[in-house]
J.: 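Sharing a structure here in structure tokens format.
Counting starts at 1 for both ligands and their atoms, following the listed order. Just so it is clear, the structure is predicted and the values come from calculations on it, not from any experiment. For the numbers below, each heavy atom of this structure counts, side chains included, while hydrogens, waters and symmetry mates do not.
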Amino acid sequence: MQTRPLVGVIACRREVEGHPSHMVTDKYLSALREYGLEPVILPVWEDLDPVGVMPLLSRLDGLVLTGSYTNVAPSRYGAERAPENTRGDRDRDAAAMAWVPAALELELPLLGICRGFQELNVAFGGTLFQAVQAQPGKRDHREPEGDRAAQYAPSHDLEIRPGGRLAALYPERHARVNSLHQQGIDRLGPGLDVEAVAPDGLVEAISIADAPRFALAVQWHPEWQPREHALYDAIFRGFAEACGG
Ligand SMILES: N[C@@H](CCC(=O)NCCCC(=O)O)C(=O)O
């Protein structure tokens, strides 16, 4: 019986109906199903058992680090909290920082999105701007006013590095992507490659330089209507293929 590849999707800790919960918004899960993958939500605890990380990830065919309205704790990259940085998720931080090196060791295909992109950079020793809009020469990358369709509509250009892993998926040099983030990459972690940048120079896509399989993270949201955007479609096609889909 043909089974769909199992892809772990990191959860966020949120309160639902007054109960502490582990949550993933549907668009990540539906996008993975759309491309022939079987998503499984992975709960997150700050006191995770390090011994259990490898056995858990070794049962998966891929791993997705999703976006989130919360931010990686600045202490994870040696910074003080900026006043604009008001939301955190320690449980999620702990899981992401444990799962990235384990996924790399297992050669598990890895896709990072928005917060997941930032987590990958921090896991590799990089740092973040906590308020990109406050940086000289940087534009405001937060979502525009309006309904969800307006918020997730393409809002800035992207320049893709020729010869990179993203270019191998999508051979065009330019694209337009949505933008719903206040934080961004300041210092790139050693061992990561820049795959695309925004017009203001902000890094928008990275890859793990020596990863033998799919290991890409993007600052925008390709899970939003991926069939409607050739670049987003190419990313999910590539990830699904890497997971065995
Ligand atoms: N909080 C970080 C990352 C932004 C992010 O992941 N936004 C996601 C919005 C909700 C969703 O689509 O999942 C930042 O502000 O940079």
Side-chain angles (χ1 to χ4, degrees), residues 7 9-16 21-32 34 39 41-42 44 63-77 79 81-93 95-97 100 110-123 126-135 138-156 177-189 196-198 200 202-206 216-226 228-229 232 235-236:
V7 173
V9 183
I10 193 169
C12 294
R13 293 304 299 268
R14 302 292 288 273
E15 193 168 285
V16 177
S21 303
H22 302 254
M23 192 200 77
V24 177
T25 52
D26 175 71
K27 55 188 171 68
Y28 297 101
L29 309 175
S30 293
L32 292 169
E34 169 69 21
I41 299 176
L42 300 179
V44 293
L63 178 65
V64 173
L65 303 178
T66 69
S68 173
Y69 290 106
T70 67
N71 302 311
V72 180
S75 58
R76 292 279 181 176
Y77 49 94
R81 182 179 298 280
E84 299 91 340
N85 185 347
T86 59
R87 298 183 65 178
D89 186 340
R90 297 164 60 97
D91 299 289
R92 162 117 190 208
D93 288 347
M97 295 303 120
V100 165
L110 173 65
L111 173 59
I113 295 172
C114 210
R115 193 202 213 254
F117 162 89
Q118 296 163 2
E119 287 166 340
L120 181 61
N121 187 55
V122 172
T127 62
L128 303 177
F129 294 127
Q130 295 181 62
V132 172
Q133 68 277 6
Q135 300 302 317
K138 294 287 186 284
R139 54 158 283 179
D140 190 337
H141 283 252
R142 291 173 291 185
E143 58 269 31
E145 294 296 322
D147 62 10
R148 287 289 183 234
Q151 289 181 338
Y152 286 85
S155 66
H156 70 66
V177 295
N178 55 39
S179 188
L180 298 96
H181 62 102
Q182 176 170 247
Q183 306 208 339
I185 288 183
D186 179 4
R187 191 177 68 244
L188 186 70
V197 295
D200 63 2
L202 191 71
V203 175
E204 287 275 336
I206 57 178
L216 182 71
V218 297
Q219 184 63 87
W220 67 91
H221 288 268
E223 82 284 359
W224 180 266
Q225 301 177 351
E228 309 295 319
H229 302 83
Y232 305 2
I235 290 170
F236 272 93

J.: Report all protein residues having a heavy-atom distance below 4.0 Å to some atom of ligand 1; order the list by chain, then number.
T.: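 Within 4.0 Å of ligand 1, protein side: K27, Y28, G67, S68, Y69, T70, N71, C114, R115, Q118, Y152, L180, H181, Q182, Q183, H221.
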J.: Is it true that the side chains of Q118 and H181 contain a donor and an acceptor less than 3.5 Å apart?
T.: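 Judged by distance alone, the side chains do not pair up.
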J.: Which word best sums up how the rings of H221 and Y28 line up, parallel for under 30°, tilted for 30 to 60°, or perpendicular for over 60°?
T.: tilted
J.: Checking Q133 against Q182: is there a side-chain donor and acceptor pair closer than 3.5 Å?
T.: yes
J.: Hey, are the side chains of I10 and R92 touching, using non-hydrogen atoms and a 4.5 Å cut-off?
T.: yes
J.: Atom CG in L63, atom CG in L42: separation rounded to 0.5 Å?
T.: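 Here the rounded value is 6.5 Å.
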J.: Between D93 and R13, does any side-chain N to carboxylate O distance fall below 4.0 Å?
T.: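 No salt bridge links D93 with R13.
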